[in-house]
Amino acid sequence: MSCSLASWGSILPRRFYARPAERVARDLLGAFLVHHLDGTTLAGRIVETEAYLGREDRAAHASRGLTDRTRVLFGPPGHAYVYLIYGIYDCLNLVAEPEGAPGCVLIRALEPVCGLDGRQASGPGKLTRAMGISLRHNGQDVTGGPLVVRAPQRRQVPPIDVTPRIGITHCADWPLRFLVRNNPYVSRAAPAGSRASRG
DNA sequence: CCGCGGATCTTCT
DNA sequence: GAAGATCCGCGGA
């Protein structure tokens, strides 16, 4: 992999995101998160995601309904939802589902591709720090602009593991975490017994 | 290797 | 006023 644009596919269109969050989360594996910042390009391959749903998902911010904070989640798909966690780290999500229906995908780990200069991007808090992503990106369109997601150049689906989500107390056993199998850049390995797959 | 506590602050009750 | 989609460093086995 390199910083050359030829290494990546085209920008994922809005219709890619206008689907159930768990489908979007799965299909984002292998795609590239690309950030053009201050004349430089930062990029990484998405290797770990989690889906967060709507009302029924008590682990999701959207389960509390429409508030100032969750407005972006109810808006059109293909936008960034960035929030501050524990007063320290910013977490990046991509809004899924058709407009009006809440749902998003938390980006949890990247395999460094370009410009990260040795910075770790494994873990949602470290990822945003490495990529220069912060609260100012909240609500930004990721189908055009400085922060975009691009398809793999070849539409090859990597082997995928499915596990419960990390660090939550509600709905802690729902299988909504997706990771590229055996990839060394995932934030945590798949717990024993929770392994599932799709080729 | 595993578990625990602290940092730090926004959001919602 | 409490909890929280995190991370790091410490102590013990």
Side-chain angles (χ1 to χ4, degrees), chain A residues 17 20-29 31 33 44 46-75 77-97 101-112 116-140 142 147 149 160-180 182-195:
Chain A
Y17 300 95
E22 52 267 55
R23 290 280 300 282
V24 177
R26 182 187 286 272
D27 292 346
L28 277 170
L29 293 180
L33 184 67
I46 298 172
V47 296
E48 180 182 347
T49 61
E50 285 177 358
Y52 285 85
L53 312 181
R55 273 289 177 193
E56 72 282 12
D57 183 3
R58 295 214 36 232
H61 291 170
S63 71
R64 302 290 183 183
L66 181 59
T67 66
D68 279 345
R69 179 206 214 183
T70 61
R71 184 142 316 180
V72 176
L73 292 173
F74 289 81
H79 289 249
Y81 168 55
V82 184
Y83 70 94
L84 182 68
I85 183 66
Y86 296 111
I88 305 177
Y89 298 100
D90 299 322
C91 289
L92 170 67
N93 302 254
L94 303 178
V95 176
E97 308 278 348
C104 65
V105 176
L106 172 67
I107 310 300
R108 284 194 55 93
L110 300 178
E111 177 179 329
L116 293 184
D117 195 30
R119 283 176 299 226
Q120 298 288 330
S122 300
K126 295 166 69 177
L127 177 158
T128 52
R129 183 166 294 180
M131 290 286 289
I133 294 167
S134 64
L135 292 176
R136 83 194 126 91
H137 292 87
N138 188 41
Q140 272 195 203
V142 297
L147 182 67
V149 182
I160 292 170
D161 285 337
V162 185
T163 81
R165 294 171 292 184
I166 302 292
I168 55 172
T169 55
H170 300 294
C171 308
D173 57 345
W174 292 16
L176 293 176
R177 175 175 177 247
F178 303 89
L179 40 84
V180 175
N182 295 330
N183 187 284
Y185 295 97
V186 301
S187 65
R188 294 169 58 168
S194 61
R195 176 160 284 212

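Here is the naming used below: chain letters follow the sequence lines, and residue numbers restart at 1 for every chain. Both backbone and side-chain heavy atoms feed into the values below; hydrogens, waters and symmetry mates do not.
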Anything under 3.5 Å between a donor and an acceptor, one on a side chain of residues 166-174 of chain A, the other on a protein residue two or more places apart or in another chain? List them.
none

Nucleotide dC2(B), atom P - distance to CZ of Arg188(A) in whole Å: 10 Å

Below 4.0 Å: OP1/OP2 of dC7(C) and any side-chain N or O of Arg129(A): no

Please name the pair of heavy atoms, one in His137(A) and one in Ala80(A), separated by the smallest distance, quoted to 0.1 Å. O-CB, 3.5 Å

Rounded distance (Å) that lies between atom C1' of dA7(B) and atom CG of Asp90(A): 15 Å

Taken to the nearest whole Å, OH/Tyr89(A) to P/dT8(B) is 11 Å

What is the distance, to the nearest angstrom, from the CG atom on Leu94(A) to the C1' atom on dA5(C)? 14 Å

Pairs under 3.5 angstrom, nitrogen or oxygen only, protein versus nucleotides 9-13 of chain B, please.
unit_1: dC12(B); atom_1: OP1; unit_2: Thr67(A); atom_2: OG1; d: 2.6

Return the value, rounded to whole Å, for the distance between atom CZ of Arg165(A) and atom C1' of dG4(C). 14 Å

Can you pull the salt bridge (charged side-chain N to carboxylate O under 4.0 Å, His left out) pairs that have at least one residue in residues 101-110 of chain A, sequence neighbours excluded? Glu48(A)-Arg108(A), Glu50(A)-Arg108(A)

Please name the residue in the list Ile85(A), Leu106(A), Asp90(A), Ile107(A) that meets the side-chain contact (heavy atoms from CB on, under 4.5 Å) test with Pro124(A). Leu106(A)

Arg177(A) side chain to Thr163(A) side chain, donor-acceptor N/O pair below 3.5 angstrom: yes

Quick one, which residues of residues 118-128 of chain A touch DNA chain C with a heavy atom under 4.0 Å? Gly123(A), Pro124(A), Gly125(A), Lys126(A)

Are the ring of Tyr83(A) and the base ring of dA5(C) both nearer than 5.5 Å at their centres and tilted by less than 30°? no

Does dG4(C) have its OP1 or OP2 closer than 4.0 Å to a side-chain nitrogen or oxygen of Thr169(A)? yes

Under 4.0 angstrom, heavy atoms only, what part of the nucleic acid is Ile168(A) near: base, sugar-phosphate, or nothing? sugar-phosphate

Run the side chain to side chain contact (heavy atoms under 4.5 Å, CB included) test on Val162(A) and Arg26(A) for me, step by step, so that the C-alpha distance in whole Å, both residues' side-chain angles and the decisive distance to 0.1 Å come before the verdict. CA-CA 9 Å; Val162(A) 185; Arg26(A) 182 187 286 272; 3.8 Å; yes

Dump the intermediate steps for side chain to side chain contact (heavy atoms under 4.5 Å, CB included) on Val105(A) and Phe178(A), then the final yes or no. CA-CA 10 Å; Val105(A) 176; Phe178(A) 303 89; over 6 Å; no

For Leu110(A) and Ile46(A): C-alpha separation, side-chain torsions, deciding distance, then whether side chain to side chain contact (heavy atoms under 4.5 Å, CB included) applies. CA-CA 5 Å; Leu110(A) 300 178; Ile46(A) 298 172; 3.7 Å; yes

Measure across Val95(A) and Leu73(A) and return the closest heavy-atom pair with its distance rounded to 0.1 Å. CG1-O, 4.0 Å

Mark yes or no for whether Thr67(A), through its side chain, and Thr70(A), through its backbone, hold a donor-acceptor pair below 3.5 Å. yes

Residue pairs, two or more places apart or on separate chains, that pass salt bridge (charged side-chain N to carboxylate O under 4.0 Å, His left out) and touch residues 66-75 of chain A: Asp68(A)-Arg71(A)

Check DNA chain C for consecutive Watson-Crick or G-U pairs with both distances under 3.5 Å and list the runs of at least three as stems. B:1-7 with C:6-12, B:9-12 with C:1-4

